[in-house]
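I have placed the structure first, in the form of structure tokens, so that the comments after it can refer back to it.
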Number of protein chains: 2
Amino acid sequence: MVATTPKGEARRVALLDAVIRVLEAGGPGAVTHRSVAAEAGVPAAAATYYFAGIDDLLVSALRRVTEHQVALFAHLRGHSYARFAAVLYDWTHIERASAIAQYELLFLAMRRHTLRDAADLWYQALEEAIAVVQPDARRGRVIALAVDGLILRMLWRGDPATLPEIEAALRDIVGGR
Amino acid sequence: MVATTPKGEARRVALLDAVIRVLEAGGPGAVTHRSVAAEAGVPAAAATYYFAGIDDLLVSALRRVTEHQVALFAHLRGHSYARFAAVLYDWTHIERASAIAQYELLFLAMRRHTLRDAADLWYQALEEAIAVVQPDARRGRVIALAVDGLILRMLWRGDPATLPEIEAALRDIVGGR
DNA sequence: CGCATTCTGGTACATTCGTTCCAATCTGAG
DNA sequence: CTCAGATTGGAACGAATGTACCAGAATGCG
């Protein structure tokens, strides 16, 4: 089902945002029609009215957070990697739910090839952002892998936790030996 | 509940192994008493008899796969990183279920601090294995991050897929600029 | 060999889930 | 303003889940 009215569309995105919040708190298993609807402040039936199934709801939410994140990384073009550290900090600590959702997407992509494109989109955005500070493609790919690992580590460990620490870690990664 | 008889202990590990296989195929949401018991070839009640709850079952299985993996990495000490590439290949392609389970653990550790220690164990094992080919601690940490990102990428993307490709990627990572 | 303990395998139940259905309400184009 | 279609909100359903329970079988210690 696709929303045609403005209010309907507003409810759609309210539901998708709610999915991200539920996802952060309880993981994919906690994403149910009822929990998401309650989080969004809409009746439970709305989740089934706007989305074909619980699966469609989850996939749509992950696509949405990816597009949002890709847009954020696109703004990074032309800036130094000091600003890159700030973006990483905001993402993994302020907008933590969004970051966690992003990596849940990668896990889902392991089992569902439908999500490969969305996952690729995110990874390409990361590589392009890195290309600003490291033009060499081969070296850039390695940095992208390390940054990926760094983000993952910040998410499950909460470390590095401060902006200076992240900058230092990024300096080690980009700086090479 | 803790098994005291040899046969009981065998059932415990059979259940834990089944959890890993179910985890690979369907993610944490697919891990239920009944699905795991069916996969292990034991009656459903066995899963509740040997484990306090579905949660205990999941956590125990992830701890087990971590210990197994840490032991495998420990054997790596004193070898070249060419052999390291072979171990990575086996893990992410032959024993894929084990690798996926390992990263599910990291995700679970985001929300449950009980799992922090187990997750730390894995990450330390990775860093120690890398210390063999790169003694410098600071540089080694960066490599560990990149290898972490590489593993994640291989899992959700299946790329790099061949042993030579992994060796090349590893060479780029370890080799520096 | 006897027997306390552990293990087995099946059933049962309350809960929660995804999904369907429908009458009432709202929206916006003509 | 009208009204056809979109949206709402609640109820209800079958299915699947976690867990508790129990009578019988197997086990291993003395």
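Proteins come first, then strands; the chains are lettered A, B, ... in the order of their sequence lines, and each starts at number 1. Worth knowing before you read on, the calculation uses all heavy atoms, side chains too, and leaves out hydrogens, waters and symmetry mates.
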Check your understanding: Are any side-chain N or O atoms of A:Glu165 and backbone N or O atoms of A:Ala161, one a donor and one an acceptor, separated by less than 3.5 Å?
Key ->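 Side chain of A:Glu165 to backbone of A:Ala161: a pair is present.
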How many Å lie between [atom1] on [X] and [atom2] on [N], as a whole number?
X       : N      : atom1 : atom2 : value
A:Glu9  : C:dG28 : CD    : P     : 13 Å
B:Leu57 : D:dT19 : CG    : P     : 10 Å
A:Leu15 : D:dG9  : CG    : C1'   : 14 Å

Point to revise | Overall bend - the helix from C:dC1-D:dG30 to C:dG30-D:dC1, comparing terminal axes fitted on five pairs, nearest 10 degrees | key: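 Terminal axis comparison yields 30°.
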**Study point:** Nucleic acid footprint by protein, nucleotides 9-19 of chain C - heavy-atom cut-off 4.0 Å, B for base, S for sugar-phosphate alone
**Key:** BB-B----BBB
Point to revise | Qualifying salt bridge (charged side-chain N to carboxylate O under 4.0 Å, His left out) pairs, either residue in residues 149-160 of chain A, two or more places apart | key: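 Qualifying pairs: A:Arg153-A:Asp159, A:Arg157-A:Asp159, A:Arg157-B:Asp120.
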Practice item. Work out which heavy atom in B:Ala118 is nearest to a heavy atom in B:Arg63; give both atom names and the distance. Key: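 Shortest heavy-atom contact: CB-NH1, 4.1 Å.
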Practice item. Name all residues meeting the side chain to side chain contact (heavy atoms under 4.5 Å, CB included) criterion together with A:Ala18; count only those two or more places apart in sequence or in a different chain, and write none if there are none. Key: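 Scan of A:Ala18 (side chain to side chain contact (heavy atoms under 4.5 Å, CB included), adjacent residues dropped) gives A:Arg21, A:Val36, A:Glu39, A:Ala40.
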Review point. Would you say A:Leu150 and B:Val142 make side-chain contact, with heavy atoms under 4.5 Å?
Key: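 In short, these two side chains do not touch, never coming nearer than 4.5 Å.
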Check your understanding: With respect to the phosphate group of D:dT8, does any side-chain polar atom (N or O) of A:Tyr50 fall under 4.0 Å of OP1 or OP2?
Key ->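 Indeed, a polar side-chain atom of A:Tyr50 lies that close.
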Can you give each donor-acceptor pair under 3.5 Å made by side-chain atoms of residues 82-91 of chain A, sequence neighbours left out, with the distance rounded to 0.1 Å?
residue, atom, partner, partner atom, Å
A:Trp91, NE1, A:Gln69, OE1, 3.4
A:Trp91, NE1, A:Ser98, OG, 3.4

Exercise for review: Could you work out the complete set of other residues in the hydrophobic cluster of B:Val70, with links drawn between I, L, V, M, F, W and Y side chains under 4.5 Å apart?
Suggested key: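 Besides B:Val70, the cluster holds B:Leu121.
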Check your understanding: How are the rings of A:Tyr103 and B:Phe107 set relative to one another: parallel (under 30°), tilted (30 to 60°) or perpendicular (over 60°)?
Key ->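 Rings of A:Tyr103 and B:Phe107: tilted, as their planes differ by 30° to 60°.
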